[in-house]
4 protein chains.
Amino acid sequence: MLIRLGYDLQFQIPAPVTVVAMLHVHPSRAADLRAPDELHTEPAVPVDLYTDSFGNTAARLAAPAGTLRLHNSTVIEDSGLPDPVRPEAKQWPIEKLPTDVLQYLLPSRYSEVDRLSNTASELFGHIAPGWGRVQAICDWVHQKVTFGYQFARPTKSALDVYTERLGVCRDFQHLAITFCRAMNTPARYVTGYLGDIGVPPAPSPMDFSAWFQAYLDGRWWNFDARHNQPRIGRVLVAAGRDAADVAITTSFGTATLERFTVITDEIVEEQPRTAGQG
Amino acid sequence: MLIRLGYDLQFQIPAPVTVVAMLHVHPSRAADLRAPDELHTEPAVPVDLYTDSFGNTAARLAAPAGTLRLHNSTVIEDSGLPDPVRPEAKQWPIEKLPTDVLQYLLPSRYSEVDRLSNTASELFGHIAPGWGRVQAICDWVHQKVTFGYQFARPTKSALDVYTERLGVCRDFQHLAITFCRAMNTPARYVTGYLGDIGVPPAPSPMDFSAWFQAYLDGRWWNFDARHNQPRIGRVLVAAGRDAADVAITTSFGTATLERFTVITDEIVEEQPRTAGQG
Amino acid sequence: MLIRLGYDLQFQIPAPVTVVAMLHVHPSRAADLRAPDELHTEPAVPVDLYTDSFGNTAARLAAPAGTLRLHNSTVIEDSGLPDPVRPEAKQWPIEKLPTDVLQYLLPSRYSEVDRLSNTASELFGHIAPGWGRVQAICDWVHQKVTFGYQFARPTKSALDVYTERLGVCRDFQHLAITFCRAMNTPARYVTGYLGDIGVPPAPSPMDFSAWFQAYLDGRWWNFDARHNQPRIGRVLVAAGRDAADVAITTSFGTATLERFTVITDEIVEEQPRTAGQG
Amino acid sequence: MLIRLGYDLQFQIPAPVTVVAMLHVHPSRAADLRAPDELHTEPAVPVDLYTDSFGNTAARLAAPAGTLRLHNSTVIEDSGLPDPVRPEAKQWPIEKLPTDVLQYLLPSRYSEVDRLSNTASELFGHIAPGWGRVQAICDWVHQKVTFGYQFARPTKSALDVYTERLGVCRDFQHLAITFCRAMNTPARYVTGYLGDIGVPPAPSPMDFSAWFQAYLDGRWWNFDARHNQPRIGRVLVAAGRDAADVAITTSFGTATLERFTVITDEIVEEQPRTAGQG
């Protein structure tokens with residue numbers, strides 16, 4: 001399956017500002033790209049591409065005052081398969097984890113593992129470690145938290161989500177990764193493209209979305225405490241400890257988002273029409 | 001100057017637990033070591049040394065139930081000079097920062113940059129960027145926060161320190177790095193050895209301590225919002241976003257600290273006595 | 001001046017629930033009423049009127065499942081004068097305050113005086129006590145906090161407002177009363193009718209609004225950190241420590257507000273037309 | 001049973017300050033006093049006694065700079081019976097509660113009912129309302145929270161206790177009253193004398209203590225989430241929404257507590273010895 005990916009963001013910038021954008025497809029999916037994945041800017045400014053400490057491709061650019069547009073359109077090949085489900089996947093003991101995975105057990109800005117560890121133990125301590133427990137965490141968060149765009153706020157943390165029970169996709173994942181980490185399951189927050197392929201009727205527009213990954217059986221697996229069902233066509237952009245690490249754009253000064261359009265849709269070839277029928 | 005460094009920690013461990021220890025001298029000071037810097041454990045358990053994503057040397061070990069002792073003694077050569085003071089050091093624009101420094105502008109678990117940025121601007125926005133502003137931040141925190149060991153708690157964040165005005169060395173640094181980051185000055189939390197060399201009379205026992213580093217003029221400089229004076233003999237152990245990243249030990253389960261002794265003192269050679277005088 | 005006052009609220013109630021409503025004009029304005037001030041309910045349910053510990057008229061009613069409508073329309077005589085301004089009004093020493101005023105110096109749910117007292121001292125400690133300092137607090141809050149209905153949330157406290165700098169009228173007042181209390185000025189949160197009389201062009205619809213009162217020179221005075229200008233036609237409904245005490249309605253169970261209309265407008269008599277002209 | 005009650009507090013006061021003290025036995029126990037219950041001050045300053053909005057006897061005094069001593073000794077008659085236990089006591093529906101009890105359902109400074117209501121429902125929603133559920137709340141808090149004087153801090157709220165699971169008696173009660181209120185059980189925070197009568201061996205020194213009261217079957221009943229067992233000799237001093245309302249002393253300025261001695265002990269008459277026996 002081929003998926004068209006694209007975005008078009010426009011900012012108003014009152015004074016020159018440096019912006020870090022995480023808009024490139026993750027290096028782990030680079031081999032699947034079928035067209036260049038380049039960040040185009042208007043006006044044209046130098047883009048400094050680098051790999052951050054989590055392995056994501058980040059772009060730094062110095063934006064002048066005025067309107068800044070960031071856009072791209074590319075194509076990626078996808079298996080067309082839904083997120084794998086492996087109920088038998090095991091939680092590894094901490095002493096066997098790759099050392100670069102250990103950081104995903106620690107508390108971070110929006111994941112107060114230290115303040116929610118008792119709650120996690122009370123809710124999930126009776127469940128055997130592994131896939132089933134991560135799924136139980138997703139089920140709990142999915143059931144208890146109500147989705148609404150009006151509930152978004154940039155300072156909202158997992159503890160806020162736990163007490164308020166309201167949020168957007170980012171908030172669902174923050175609470176879920178916090179519970180996972182508290183149970184010694186490495187969990188990382190990810191952003192990426194998520195469309196509505198295979199979801200009839202479309203429950204949500206094409207968008208960047210956040211989900212999370214848990215480390216079981218020696219690899220990362222997709223989980224999504226908001227949608228809580230396997231989905232087709234997730235395309236990873238960035239992974240980090242939480243939303244602070246992988247914001248779509250981080251502006252070190254004022255930059256007001258005016259437009260935000262995302263495209264992620266299956267490329268369906270039209271059937272050649274055969275003349276002469278009928 | 002030669003400084004003897006050492007530690008002796010003892011834990012009671014009710015059930016097997018994995019511990020990550022950050023007790024090795026930082027790689028940036030490895031060349032100054034004059035004796036091996038090795039983590040000794042009792043009982044002897046395999047120690048898995050690795051470099052974390054921040055460049056620190058970390059040690060992972062699987063501790064059995066019972067008493068666990070971690071100890072070491074080594075020697076390091078030190079300039080014997082106090083922390084440098086460079087009032088002319090400039091804050092670099094974000095677009096010129098090395099990309100691995102950018103993460104030290106982001107919020108982290110104990111550094112809610114997003115919640116204290118307005119306060120930082122109001123307190124320090126009128127001061128020219130650079131060394132002087134970082135020093136003004138240290139002065140403010142040093143003056144406003146009262147030190148006391150009884151004020152320590154593991155969940156205390158920069159915002160808590162800002163509202164409570166009470167804390168231990170870690171708390172002073174968390175508030176200071178948060179203000180620095182809010183002003184677009186990269187700041188990282190560090191731990192290390194700090195004795196009382198050159199401080200008459202000794203204001204504090206030999207200890208592991210926390211201070212912080214600000215990135216100015218293309219390098220990291222030591223600042224210490226608690227002591228707020230240049231000191232001799234700081235030996236860096238680990239640097240990270242905040243205390244969550246560089247805890248002396250992180251136990252993924254219960255491990256009760258029973259003893260904690262640190263040695264960091266100048267090795268003063270006795271003058272050879274000359275016989276026959278007088 | 002005569003002002004027509006009215007409200008019309010409608011709730012969907014899935015299961016029987018007790019509701020406490022604070023919708024009656026405050027007893028201190030009862031003598032100004034020119035028509036009955038009665039809470040009408042549909043369906044008709046018994047309404048238990050009482051005076052709460054703050055001196056407000058409250059109404060308790062047991063609502064059955066289904067649609068609940070609360071409505072009223074009355075008329076009040078008003079001086080037609082804007083809120084008085086008394087720059088010479090003094091802050092009284094605490095030992096001279098009436099004892100029933102002392103409670104308005106304490107912290108409450110949405111007014112963490114204990115966590116913001118240092119900030120208050122730093123911002124306002126240099127200003128002489130009295131009217132000028134309360135006004136300075138209003139000016140600060142008015143300038144620093146951005147209004148927006150989308151920033152409302154029921155759990156938002158003064159500390160949240162201080163860090164986020166976003167809110168609705170309730171939030172402005174919570175931060176202002178917290179600063180006042182921290183400076184030993186009694187301050188209470190009030191709700192009431194506020195229209196747009198005398199405000200050309202109307203900056204906001206007729207509504208219930210929140211403002212606050214500070215105790216100076218032996219009486220309570222209106223202040224409003226959101227609008228921050230004297231207004232005509234405020235009609236006090238209820239006063240308390242903060243929004244928890246004087247919610248328009250408090251439902252001890254689920255009651256979903258479906259409609260909320262408020263009328264508060266000057267009754268302008270039409271000039272009698274004189275026949276025979278022209 | 002006669003119980004001797006007394007206290008002796010000493011403060012250092014750098015500048016004149018108004019202090020409100022809640023040290024008198026509660027009016028509900030006044031009839032049991034067998035000696036005058038008077039607040040003595042050194043130096044002698046006028047004491048302004050009043051009844052606060054919760055019905056407590058409060059004393060306001062203007063303390064000069066220097067040393068301030070507050071002391072008293074009195075005698076009260078007590079039933080000598082432990083706290084009553086009435087497992088059959090019912091929770092009343094909110095529409096039948098006396099209106100002055102309704103305030104004890106609302107959130108307050110240290111009781112964030114709004115942020116812990118979902119947790120309360122999840123933990124206790126399956127238990128039938130009434131005595132058994134309040135006791136279940138006490139059991140939960142008693143079991144989950146660890147006591148330690150070093151865990152006290154003035155800003156600690158019920159949510160902090162829920163996440164940290166550490167505290168002093170005040171903290172246990174704050175969490176318990178928050179859960180009660182969330183379940184629509186009126187609960188108030190109380191302070192008073194609590195000795196070790198009938199508790200062999202003495203588990204704690206004579207002290208002022210905090211416990212709480214829940215409203216069931218039309219009256220208030222003692223519960224104590226810290227000790228969680230019926231006790232003999234509780235003497236009520238003050239009741240309020242939480243610790244903010246009924247602090248032993250509230251100083252509107254600096255007053256440093258230097259000494260704090262409390263006496264509360266049974267008066268055991270010596271048996272007259274009879275001469276000449278044997």
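This structure is a prediction, so every number in the text was calculated from the model and none was measured. Each chain gets a letter, A, B and so on, in the order its sequence line appears, and its residues count up from 1.
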For the student: nearest non-hydrogen atoms of C:A243 and C:R170, plus distance: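 Where C:A243 meets C:R170 most closely, the heavy atoms are CB-NH1, 3.4 Å.
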
Quick check: closest heavy atoms across C:D171 and C:F151, and the distance to 0.1 Å?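 Taking every non-hydrogen atom into account, OD2-O, 4.3 Å.
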
Over 60° means perpendicular and under 30° means parallel, so tell me whether D:W220 and D:Y215 are parallel, tilted or perpendicular.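 D:W220 vs D:Y215 ring planes: perpendicular.
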
Parallel under 30°, tilted from 30 to 60°, perpendicular over 60°: which one fits the rings of C:Y162 and C:F179?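 Answer is perpendicular, since the angle exceeds 60°.
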
Choice from D:D48, D:V19, D:T99 maximising heavy atom contacts with chain C below 4.5 Å: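 If we count pairs closer than 4.5 Å to chain C, D:T99 comes out on top.
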
Choice from D:S53, D:G253, D:S108, D:A62 maximising heavy atom contacts with chain C below 4.5 Å: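 Of the options given, most contacts go to D:S108.
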
Heavy-atom distances under 4.5 Å only: say whether [X] touches chain C with side chain, backbone, both or neither.
X      : value
D:Q103 : side chain
D:S117 : neither
D:P107 : both
D:V20  : side chain
D:Y50  : side chain
D:D100 : neither
D:L49  : neither

Quick one: what part of C:T51 sits under 4.5 Å from any heavy atom of chain D, side chain, backbone, both or neither?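 Looking at C:T51, nothing touches chain D.
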
Any carboxylate oxygen within less than 4.0 angstrom of a Lys/Arg side-chain nitrogen, looking at D:R241 and C:D245?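 Yes, D:R241 and C:D245 are salt-bridged.
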
Taking the side chain as C-beta and beyond, is there a heavy-atom pair between [X] and [Y] under 4.5 Å?
X      : Y      : value
C:N72  : C:L23  : no
D:Y104 : D:I177 : no
C:M22  : C:T191 : no

Which of the residues C:L105, C:D114, C:D52, C:L106 is involved in the greatest number of heavy-atom pairs with chain D at under 4.5 angstrom?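 The residue among C:L105, C:D114, C:D52, C:L106 with the greatest pair count is C:D114.
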
